[in-house]
Asks: 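The structure is given below, and queries will be raised subsequently.
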Amino acid sequence: MAGVALTSCHSSEKNYREAYEKAIERRKTGIGAETYAKIEAERQRYTTIINGDSVRLLYVNANVAVDTTAVARDYNVVVASFTQRINAKSYCDRLRQECGLRESYILFGGDDKQYLVVAQGYDNKEDAAAFLHDIDQRVCLKILEPLPWILRRL
């Protein structure tokens with residue numbers, strides 16, 4: 001009987017997916033589907049051309065998260081964003097361990113105060129764009145941003 005009780009409390013991918021979908025629906029509350037689609041399209045649009053590639057380059061006021069010793073660079077390739085620091089730290093740790101991206105770090109900021117996981121930081125936008133162009137070969141984890149992008153720190 002105790003074995004049945006323990007297995008029934010197990011979280012599953014289905015449970016996480018349902019919670020995620022509910023959170024997305026809550027985010028949409030108060031605005032129409034058409035407005036929400038326009039907001040998402042604007043958020044994901046390409047903003048500049050670097051080395052012949054269209055990339056999303058956004059200027060964001062962000063600082064290195066408290067729990068890291070990393071030094072943020074001017075141009076940062078963002079591959080994930082989280083509202084909770086523990087989730088960002090876990091993903092960043094996995095980038096370091098599983099993908100060998102030892103210089104990954106977390107920035108905190110932006111209009112929606114998110115923890116942004118940076119796969120790699122650079123001093124110039126050309127190097128960041130080159131990393132972004134080959135990101136599928138460099139990052140072995142699933143990239144959690146709909147489109148990875150370059151953050152230029154303000």
Side-chain angles (χ1 to χ4, degrees), residues 13 16-154:
E13 184 177 338
Y16 286 117
R17 185 74 183 156
E18 288 173 2
Y20 173 77
E21 289 171 358
K22 286 179 185 176
I24 293 298
E25 286 303 315
R26 270 188 253 125
R27 185 185 296 174
K28 292 180 186 179
T29 303
I31 62 172
E34 184 178 329
T35 303
Y36 183 79
K38 287 180 182 177
I39 291 169
E40 282 299 302
E42 180 64 23
R43 191 175 74 84
Q44 295 180 18
R45 77 178 179 89
Y46 297 114
T47 57
T48 192
I49 296 176
I50 303 172
N51 297 334
D53 281 337
S54 295
V55 297
R56 287 179 57 219
L57 173 66
L58 303 176
Y59 294 82
V60 178
N61 186 11
N63 294 309
V64 175
V66 179
D67 63 338
T68 64
T69 58
V71 176
R73 300 282 185 79
D74 290 337
Y75 296 91
N76 305 276
V77 179
V78 176
V79 294
S81 61
F82 298 93
T83 55
Q84 294 183 357
R85 180 173 42 191
I86 192 166
N87 294 339
K89 184 173 180 345
S90 174
Y91 189 82
C92 187
D93 290 344
R94 289 184 62 207
L95 282 174
R96 291 177 185 150
Q97 295 166 1
E98 296 175 28
C99 301
L101 297 170
R102 303 278 181 242
E103 295 182 24
S104 297
Y105 51 91
I106 303 165
L107 296 176
F108 178 76
D111 293 337
D112 50 358
K113 302 297 183 206
Q114 293 278 312
Y115 291 94
L116 307 167
V117 180
V118 174
Q120 191 73 36
Y122 295 94
D123 294 324
N124 62 65
K125 62 184 175 185
E126 292 79 16
D127 289 342
F131 182 93
L132 193 59
H133 180 72
D134 297 329
I135 199 160
D136 291 335
Q137 288 79 34
R138 297 177 186 230
V139 177
C140 64
L141 299 177
K142 178 180 178 187
I143 296 171
L144 301 180
E145 283 292 301
L147 292 172
W149 51 286
I150 300 173
L151 179 149
R152 170 64 164 105
R153 289 183 59 228
L154 296 176

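Starting from 1, each residue takes its place in the sequence as its number. All values reported here derive from a predicted model rather than from experimental measurement.
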Asks: Quick one: side-chain contact (heavy atoms from CB on, under 4.5 Å) partners of Asn63, sequence neighbours excluded?
Replies: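 Asn63: side-chain contact (heavy atoms from CB on, under 4.5 Å) contacts with Arg153.
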Asks: Return the set of residues passing side-chain contact (heavy atoms from CB on, under 4.5 Å) with Gln84 (not counting sequence neighbours), or none when no residue passes.
Replies: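 Listed in chain order: Ile86, Asn87.
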Asks: Indicate the atoms forming the closest heavy-atom contact of Tyr105 with Arg73, along with that distance.
Replies: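 Where Tyr105 meets Arg73 most closely, the heavy atoms are OH-N, 3.1 Å.
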Asks: Quick one: CD on Gln97 to CG on Leu141, what's the gap to the nearest 0.5 Å?
Replies: 10.0 Å
Asks: Please give me the minimum heavy-atom distance between Ala88 and Val117, naming the atom from each residue.
Replies: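 Nearest pair, atom of Ala88 first, then Val117: O-CG2, 3.7 Å.
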Asks: Among residues two or more places apart or on two chains, list those pairs meeting salt bridge (charged side-chain N to carboxylate O under 4.0 Å, His left out) that have a residue in residues 78-93.
Replies: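 Those involving residues 78-93 are Lys89-Asp93, Asp93-Arg96.
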Asks: State, yes or no, whether a side-chain contact exists between Leu144 and Val79 at a heavy-atom distance under 4.5 Å.
Replies: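 No, their side chains stay 4.5 Å or more apart.
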Asks: Looking only at non-hydrogen atoms, find the nearest pair between Pro148 and Leu132 and report the distance.
Replies: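 Minimum heavy-atom separation between Pro148 and Leu132: CB-CD1, 3.6 Å.
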Asks: Side-chain contact, heavy-atom cut-off 4.5 Å: Phe131 with Ile150?
Replies: no
Asks: Tell me every residue that passes side chain to side chain donor-acceptor pair (under 3.5 Å) with Glu98, counting only those two or more places apart in sequence or in another chain.
Replies: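 Partners of Glu98 by the side chain to side chain donor-acceptor pair (under 3.5 Å) criterion, ordered by chain and then number, come out as Arg94.
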Asks: If you look only at pairs with a residue in residues 109-123, which of them pass as a side chain to side chain donor-acceptor pair (under 3.5 Å), with sequence neighbours excluded?
Replies: Glu103-Gln120
Asks: Taking side-chain contact (heavy atoms from CB on, under 4.5 Å) as the definition, give me every residue that meets it alongside Ile49, ordered by chain and number, with sequence neighbours left out.
Replies: Ser54
Asks: What residue pairs, at least two apart or across chains, pass disulfide (SG to SG under 2.5 Å) with a residue in residues 99-154?
Replies: Cys99-Cys140
Asks: Which heavy-atom pair separates Leu95 from Ala119 by the least distance, and what is that distance?
Replies: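 Heavy atoms only, the tightest pair is CD1-CA, 4.2 Å.
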Asks: Would you say that Val60 contacts Trp149 through its side chain, given a criterion of any heavy-atom pair below 4.5 Å between the two side chains?
Replies: yes
Asks: Distance check, rounded to the nearest 0.5 Å: Ile106 atom CD1 versus Asn76 atom CG?
Replies: 12.5 Å
Asks: Can you name the residues that form a side chain to side chain donor-acceptor pair (under 3.5 Å) with Asn51, not counting sequence neighbours?
Replies: none
Asks: Report the distance from atom CD1 of Ile135 to atom CD1 of Ile143, rounding to the nearest 0.5 Å.
Replies: 4.0 Å
Asks: Provide the closest heavy-atom pair for Ala62 versus Leu151 in the form atom of the first, atom of the second, distance.
Replies: CB-CD1, 4.5 Å
Asks: Provide the closest heavy-atom pair for Val78 versus Glu145 in the form atom of the first, atom of the second, distance.
Replies: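 Looking at all heavy atoms of both residues, the shortest contact is O-CG, 4.2 Å.
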Asks: Please name all residues satisfying side-chain contact (heavy atoms from CB on, under 4.5 Å) with Asp74, sequence neighbours left out, ordered by chain then number.
Replies: Arg152
